[in-house]
Structures are given as structure tokens and as C-alpha cells.
Amino acid sequence: MLKGILLSVILIAGAGTGRMLSNARRRRFELLGELLSAMRVLRLRMLNSMEPLGILLRKSDSRLFRDLGNSLREDCGLWECWEELRGAVTKRGCMLDSLTEDDLRLLDGFFQRLGGSGREEQMELFSDCIAQLEEAQTQARRSFSDASKTYTALGALVGIALCILIV
């Protein structure tokens with residue numbers, strides 16, 4: 001009986017370990033959702049408000065946007081501040097570590113053009129970026145779903161193999 005319990009624990013631990021391996025993909029999916037939500041709110045506030053961009057960023061619900069707004073200085077534009085912040089937030093274990101290079105290039109393009117043109121151009125910038133983020137989030141959802149199933153099954157198989165070795 002004790003051996004049966006041990007084998008069950010090994011099997012469950014294997015499946016759980018496999019599921020944990022898909023967490024980076026889950027974090028990417030969730031982060032893209034947060035960015036989409038924050039970008040939609042920023043678009044509304046920016047296009048319907050007379051407040052400076054730095055203040056709007058600091059009022060954001062997004063930690064990334066708040067940090068970017070807080071890093072703005074008079075001697076440094078938004079793009080330069082984003083470049084500095086990007087290096088810090090994309091390191092392993094940091095806020096944006098689960099984003100892909102394509103995701104980061106999308107954000108690069110967004111922050112490079114944000115606040116640098118008229119209302120119509122900014123509306124187009126937001127629309128394009130939001131559409132691309134939605135597509136990236138759809139892709140991230142599929143990737144997470146596939147990885148979760150694959151890694152869970154693989155972990156369970158490793159658990160079964162260990163059980164066979166023990167028996």
C-alpha cells in the first residue's frame with residue numbers, strides 16, 4: 001500500500017512538473033492581455049485628454065506604463081526612456097521576461113512613435129498596435145494550451161517511467 005501511494009505521488013509530481021514548464025507561455029499570454037487592456041485605456045485617455053503623456057502614463061493601471069512615465073525626464077524623450085527601461089524589465093525574472101522578441105519589437109515601434117505626431121496618426125498607431133497585440137495574444141493562447149498539454153503528458157510519462165523503474 002505504501003508503495004502504491006509513493007507511485008501515485010511520483011506520477012502526480014511528474015505531471016505537475018510538466019505543467020509548470022508551460023508557465024512562461026501562460027505568463028506571456030497574461031502579460032499580453034494586461035498590455036492590451038492598458039493600451040486601450042491609455043488610448044482613450046490620451047486622445048480625449050489634454051494632459052501630458054508622462055502624466056497619463058503615470059496614471060496608468062499598467063506597471064510598465066507607470067514605470068515608463070516615472071522614468072521620463074526633460075533631457076530624455078520617451079523612446080530613450082523606453083530603451084533604458086526595456087533593458088531592466090526584460091531580464092530573467094523581471095516584468096517582461098516572458099515576451100518574445102517579436103512582442104518586444106512591437107512595443108519598441110509603439111513607444112518610438114507614441115506622442116510624436118497628431119491625433120489621427122496616434123489613433124492609427126494605437127489601432128495597429130492593439131491589432132498586433134491581439135494577434136500575438138491569440139498565438140500565445142494557442143502556444144500555452146499546446147505546451148500545457150504536451151508538458152503535462154511528458155511529465156506524466158516520466159513519472160510512469162520512474163514508477164516502472166521502482167516496481
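Quick caveat: nothing in here was measured; it's all calculated off a predicted structure.
- The shortest side-chain heavy-atom distance between Leu64 and Leu31 does not fall under the 4.5 Å cut-off.
- Hydrophobic clustering places Leu104 together with Val89 (ILVMFWY residues linked when any side-chain heavy atoms are closer than 4.5 Å, directly or through intermediates).
- Taking 4.0 Å as the cut-off between side-chain N and carboxylate O, Glu80 and Arg73 do not count as a salt-bridged pair.
- Here the side chain of Ser71 pairs a donor or acceptor atom with the backbone of Leu68 at under 3.5 angstrom.
- No side-chain donor-acceptor contact under 3.5 Å links Gln132 to the backbone of Cys129.
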If you look only at distance, which donor and acceptor atoms sit under 3.5 Å apart when one is on a side chain in residues 120-127 and the other is two or more places apart or in another chain?
unit_1 : atom_1 : unit_2 : atom_2 : d
Glu121 : OE1    : Gly118 : N      : 3.2
Gln122 : OE1    : Gly115 : N      : 2.8
Gln122 : NE2    : Arg113 : O      : 3.1
Gln122 : NE2    : Ser117 : OG     : 2.8
Ser127 : OG     : Met123 : O      : 3.0

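- Arg66 and Ser60 form no side-chain donor-acceptor contact under 3.5 Å, judged by distance and modelled atom types alone.
- Counting heavy atoms from C-beta on, the side chains of Asp97 and Arg27 come closer than 4.5 Å.
- Leu107 and Leu35 make their closest contact through CD1-CD1, 4.1 Å (heavy atoms, listed as atom of the first residue, atom of the second, distance).
- The backbone N or O of Leu96 sits nowhere less than 3.5 Å from a side-chain atom of Arg28 that would complete a donor-acceptor pair.
- Using modelled atom types, one side-chain atom of Thr138 and one backbone atom of Glu134 make a donor-acceptor pair closer than 3.5 Å.
- No more than 12 heavy atoms of other residues, nucleotides or ligands lie within 6.0 Å of CZ in Arg63, so this atom counts as exposed by the packing criterion.
- The two residues Arg40 and Ile130 have their closest heavy-atom pair at CG-CD1, 3.8 Å.
- Listed by chain and residue number, nothing satisfies the ring pair (Phe, Tyr, Trp, His ring centres under 6.0 Å) test with Phe29 (two or more places apart in sequence, or in another chain).
- Under a 4.0 Å N-O distance rule, the pair Arg86/Asp108 qualifies as a salt bridge.
- In terms of modelled atom types and a separation under 3.5 Å, the side chain of Arg58 and the main chain of Gly69 share a donor-acceptor contact.
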